[in-house]
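Since the structure comes first, as structure tokens, the remarks are kept for the end.
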Amino acid sequence: MTDYFKNIPAIRYEGPESANEFAFRHYNPDEVVMGKRMADHLRFAVAYWHSFAYQGGDPFGGQTFERPWFGDTLALAKLKADAAFEMFDIIGAPFFCFHDADVRPEGHDFAENTRNLEAIVDYFAAKMETSKTKLLWGTANLFTNRRYMAGAATNPDPDIFAFAAATVKTCMDATHRLGGQNYVLWGGREGYETLLNTDLKAEAEHMARFLHMVVEYKHKIGFTGTILIEPKPQEPSKHQYDYDVSTVYGFLKRFGLENEIRVNIEQGHCILAGHTFEHEIATAISMGIFGSIDMNRNDYQSGWDTDQFPNNVPEMALAYYEILKAGGFTTGGTNFDARIRRQSLDPEDLILSHVGAMDTCARALKAAAALLEDGALEAARKARYAGWETPAAKAMLTGGTLDGIAARVLDEGLNPRPVSGRQERLENLWNRFV
Ligand code: XUL
Ligand code: CO
């Protein structure tokens with residue numbers, strides 16, 4: 001036991017009228033929404049890196065937080081784990097996520113990194129025997145250490161490719177051992193700064209081989225979770241190879257990986273790519289590669305990946321609407337890839353940021369479910385495409401040819417009239433539910 005969160009009570013649902021800061025107003029884990037417990041719909045996860053490893057730095061200044069577990073020893077890494085599992089209990093987190101570098105001290109070489117990781121995995125495993133919190137996903141940090149400055153799987157140096165591959169092996173082992181439901185690959189440095197020193201074709205082929213090895217190893221060890229790629233358009237690299245969902249899909253298809261790897265979609269990354277969150281989610285669903293979400297928001301003025309906690313209910317509702325419509329998460333969930341601001345120094349800030357974000361998501365889920373159950377939006381969407389039910393329309397898709405269609409257009413004297421897209425009417429409908 002640590003005394004880090006000593007004065008903070010376990011957070012319970014008290015309903016929308018409660019004025020208690022340390023209570024949920026909307027997230028009621030056992031409440032049934034569309035036939036399923038809210039907790040089972042949302043599948044919240046705490047991100048270890050932001051809540052326990054982030055020290056408060058920004059590009060102009062270093063550490064602002066003082067946490068008793070900061071430091072690079074195994075004893076401190078265990079203290080960090082103690083505090084983390086205490087926080088998971090306080091907020092009732094069903095899941096957590098971690099990178100190797102968040103949980104273990106940095107070693108001098110691969111062997112020491114592996115020993116340190118295994119020691120912490122043992123420590124987690126013992127805690128998880130009694131904890132209610134499970135592992136949503138594990139991942140390898142292949143971007144912080146200077147060895148990865150020119151990439152991991154796409155590094156021009158084959159020894160760094162090898163170091164990264166060996167590291168992913170250990171992280172997949174850790175994830176498998178802890179019962180993780182997914183394994184994530186975010187290619188922070190898989191991209192480039194200047195074409196003057198970059199061989200695009202070679203880098204793509206190396207990354208594809210790397211991903212095939214990940215898939216092969218997954219099957220070899222009997223890991224039944226989902227392998228996920230997390231798209232992001234830039235930052236840290238100027239040009240990232242995993243720009244957005246469509247780019248990732250094209251890459252997977254090009255190298256025959258589209259049935260093995262899905263995507264973990266992060267709100268802030270979508271915005272950086274010039275898309276909305278719901279666009280990226282709907283795109284992934286339409287391509288059959290939707291996996292999980294990283295929930296956060298960026299500052300809308302700065303244009304950086306500021307990883308703030310979500311607080312915009314209508315926006316999140318659009319995202320959950322697409323997820324619910326597609327049948328909900330399977331192995332995926334809602335990972336709060338979000339950190340408190342560097343001035344938010346108190347233990348309470350760590351807890352209440354999650355409480356607010358869980359409430360935001362719960363409100364969004366309920367609004368999305370109500371609209372889906374109402375059915376008016378889907379009916380309108382279906383009506384817009386109703387013309388495709390006619391035999392002539394269907395025939396164009398099955399055996400249509402340009403000259404055959406041209407003959408029919410002439411023959412029937414087709415002169416179609418545009419119809420309203422009714423955007424504002426649909427926005428009004430949407431607004432009745434959020
Ligand atoms: C970086 C980011 C990562 C991934 C995991 O922008 O989102 O934290 O989620 O490596
Ligand atoms: Co993320």
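Throughout, numbering of the chain's residues begins at 1 and tracks the sequence. Order of listing sets the numbers, starting from 1, for every ligand and every atom in it.
- Taking the ring centre of Phe329 as origin, the terminal cationic atom of Arg43 falls outside the region bounded by 6.0 Å and 45° from the ring axis.
- Here 4 is the count of protein N, O or S atoms positioned under 2.8 Å from the Co ion (ligand 2), waters not counted.
- The CH2 atom of Trp186 sits 7.5 Å away from the CZ atom of Arg189 when rounded to the nearest 0.5 Å.
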Between ligand 1 and the protein, give all atom pairs where both partners are nitrogen or oxygen and the distance is under 3.5 Å, as lines of names plus distance to 0.1 Å.
{"from": "ligand 1", "atom 1": "6 (O)", "to": "Lys232", "atom 2": "NZ", "distance (Å)": "3.0"}
{"from": "ligand 1", "atom 1": "6 (O)", "to": "His269", "atom 2": "NE2", "distance (Å)": "2.9"}
{"from": "ligand 1", "atom 1": "6 (O)", "to": "Asp305", "atom 2": "OD2", "distance (Å)": "3.1"}
{"from": "ligand 1", "atom 1": "7 (O)", "to": "Glu230", "atom 2": "OE2", "distance (Å)": "2.7"}
{"from": "ligand 1", "atom 1": "7 (O)", "to": "Glu266", "atom 2": "OE1", "distance (Å)": "2.7"}
{"from": "ligand 1", "atom 1": "7 (O)", "to": "His269", "atom 2": "NE2", "distance (Å)": "3.3"}
{"from": "ligand 1", "atom 1": "7 (O)", "to": "Asp337", "atom 2": "OD2", "distance (Å)": "2.8"}
{"from": "ligand 1", "atom 1": "8 (O)", "to": "Trp49", "atom 2": "NE1", "distance (Å)": "3.2"}
{"from": "ligand 1", "atom 1": "8 (O)", "to": "Asp337", "atom 2": "OD2", "distance (Å)": "3.2"}
{"from": "ligand 1", "atom 1": "9 (O)", "to": "Glu230", "atom 2": "OE1", "distance (Å)": "2.7"}
{"from": "ligand 1", "atom 1": "9 (O)", "to": "Glu230", "atom 2": "OE2", "distance (Å)": "2.9"}
{"from": "ligand 1", "atom 1": "9 (O)", "to": "Asp294", "atom 2": "OD2", "distance (Å)": "3.0"}
{"from": "ligand 1", "atom 1": "9 (O)", "to": "Asp337", "atom 2": "OD2", "distance (Å)": "2.9"}
{"from": "ligand 1", "atom 1": "10 (O)", "to": "His99", "atom 2": "NE2", "distance (Å)": "2.7"}

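- Residues passing the ring-ring contact (aromatic ring centres under 6.0 Å, His included) test with Phe22: none are found, sequence neighbours excluded.
- Both the sub-6.0 Å distance and the 45° axial angle are satisfied by Arg147 relative to the ring of Phe163.
- When ring centroids are compared, His275 and Tyr243 stay outside the 6.0 Å threshold.
- Under the salt bridge (charged side-chain N to carboxylate O under 4.0 Å, His left out) rule, Asp122 has a single partner from Arg104, Arg177, Lys78, which is Arg177.
- Between Phe44 and Phe95, the ring centre distance reaches or exceeds 6.0 Å.
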Pair up each side-chain donor or acceptor in residues 363-373 with any protein partner under 3.5 Å, not counting sequence neighbours, and list the distances.
{"from": "Lys366", "atom 1": "NZ", "to": "His26", "atom 2": "O", "distance (Å)": "3.3"}

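- Two rings, from Phe70 and Phe52, have their centers 6.0 Å or more apart.
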